[in-house]
Amino acid sequence: MTSLVGDTRVVFSRELRPILRDPFSVIFSMVQPLFFLGLFAPLLPGDTALQWFVPGIIVMSCLFGSSMTGSNLLYEMQTGSHERMLVTPLRRPALLVGRALKEIVPMIAQAVLIVTVCIPFGFELHLGGALLGLIILAGFCVGLGALSYTLALASKNKEWMFWTVQQTLLFPLLLLAGVLLPLDDGPGWLRALSRVNPMTYVVNAERALFNGDVWARHTFEGLVAAALVGALGLVVGVRAMQRSD
């Protein structure tokens with residue numbers, strides 16, 4: 001176990017180093033969420049539109065960043081870097097877990113930046129709930145990142161397959177979670193699909209927590225959904241990494 005933890009720390013540091021050297025990559029990945037924030041938030045009625053919309057945008061930035069991170073592994077597979085990592089003494093589960101844990105750092109940086117931008121426009125920050133929301137979102141990010149790496153391993157040299165699957169799933173997950181528009185008045189079939197989308201519960205939890213409602217039912221549901229996504233991603237990802245050649 002000590003060796004696994006140490007190997008995970010090595011992989012985590014290796015994956016985090018490019019972000020620390022080039023933090024602009026984190027900012028660049030936020031261009032699309034910030035556009036959504038600037039163009040959709042003014043369309044929402046009421047003075048509390050930002051309180052409803054900002055937490056969803058934070059989850060959206062997590063979804064965008066974590067789901068695309070497998071492209072980095074695809075590039076390493078194409079250049080032979082991944083094969084060289086496989087023959088090192090590093091344990092294979094650490095190669096996946098370390099990569100997935102790295103997703104927490106850009107998620108936190110993006111969330112802080114989004115909140116900082118929105119506070120001057122009237123967004124009210126409840127720090128305790130927001131910190132708990134970031135913990136829940138961390139588990140969700142780890143699961144999404146692990147699933148993205150799994151997709152990269154399954155795609156191998158077929159880069160088009162990775163992007164086809166990623167883009168096909170991205171926007172249905174986003175829209176069915178009610179990030180951009182509320183689904184309360186939508187048709188029954190749309191609400192039914194929303195209820196089987198784990199991201200829905202994460203978004204609802206983030207909205208409750210960022211508004212200071214720590215003990216809401218949505219908080220527990222979001223915690224369970226994030227934990228399930230995290231566990232599923234790690235289990236599937238570790239198994240795929242162990243079978244990688």
Side-chain angles (χ1 to χ4, degrees), residues 1-30 58-59 61-113 130-156 162 166 202 206 222-245:
M1 180 59 68
T2 303
S3 177
L4 178 59
V5 172
D7 290 349
T8 301
R9 185 170 60 249
V10 169
V11 176
F12 175 83
S13 301
R14 174 184 180 269
E15 295 298 315
L16 188 59
R17 198 172 296 119
I19 296 178
L20 297 178
R21 289 176 178 174
D22 184 19
F24 182 76
S25 60
V26 176
I27 300 175
F28 180 77
S29 65
M30 293 182 56
I58 292 175
V59 179
S61 67
C62 165
L63 174 66
F64 282 3
S66 300
S67 65
M68 293 189 296
T69 193
S71 62
N72 298 328
L73 180 56
L74 271 178
Y75 176 76
E76 291 189 8
M77 294 169 67
Q78 293 170 356
T79 58
S81 176
H82 176 62
E83 285 71 15
R84 291 192 292 272
M85 289 289 291
L86 291 177
V87 298
T88 64
L90 294 171
R91 298 191 180 189
R92 293 207 173 187
L95 295 177
L96 189 284
V97 177
R99 289 176 181 272
L101 289 176
K102 181 266 299 180
E103 300 305 315
I104 298 175
V105 177
M107 178 273 296
I108 293 176
Q110 291 172 350
V112 170
L113 184 56
L131 292 176
L132 181 56
L134 291 181
I135 293 174
I136 293 177
L137 201 55
F140 189 61
C141 279
V142 169
L144 287 178
L147 291 173
S148 182
Y149 289 124
T150 304
L151 178 59
L153 291 170
S155 302
K156 292 186 178 180
F162 174 86
Q166 190 262 355
V202 175
E206 297 301 314
L223 178 62
V224 172
L228 290 176
V229 172
L232 175 64
L234 290 176
V235 169
V236 174
V238 167
R239 181 173 299 181
M241 186 64 75
Q242 288 176 330
R243 295 178 178 177
S244 180
D245 54 27

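- Taking 4.5 Å as the limit, every side-chain heavy atom of Q166 sits out of range of all side-chain heavy atoms of S148.
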Worksheet entry | Q242 and L96: CA distance, side-chain angles, deciding distance, side chain to side chain contact (heavy atoms under 4.5 Å, CB included) verdict | CA-CA 9 Å; Q242 288 176 330; L96 189 284; over 6 Å; no
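- Under the side chain to side chain contact (heavy atoms under 4.5 Å, CB included) rule, M241 has a single partner from V236, T150, L86, which is L86.
- Within the 4.5 Å cutoff, side-chain heavy atoms of L153 are placed close to those of M77.
- With S66 contributing its side chain and L63 its backbone, the two residues share no donor-acceptor pair below 3.5 Å.
- I108 pairs by the side-chain contact (heavy atoms from CB on, under 4.5 Å) definition with I104, V112, not counting sequence neighbours.
- Listed for the S61 side chain is a donor-acceptor partner under 3.5 Å among the backbone atoms of I58.
- Using modelled atom types, one side-chain atom of D7 and one backbone atom of R91 make a donor-acceptor pair closer than 3.5 Å.
- Of all the heavy atoms in L234 and A146, the pair that sits closest is N-CB, 3.9 Å.
- At least one side-chain heavy atom of V5 sits under 4.5 Å from a side-chain heavy atom of R9.
- Under the 4.5 Å side-chain criterion, counting only non-hydrogen atoms from C-beta, L144 is not in contact with E103.
- V97 is listed as a side-chain neighbour of L101, based on a closest heavy-atom distance under 4.5 Å.
- The side-chain heavy atoms of K102 and V11, taken from C-beta on, include no pair separated by under 4.5 Å.
- Contacts of S81 classified as side-chain hydrogen bond (donor to acceptor under 3.5 Å, both in side chains), with partners at least two apart in sequence or in another chain: R14.
- Counting heavy atoms from C-beta on, the side chains of E206 and F140 never come closer than 4.5 Å.
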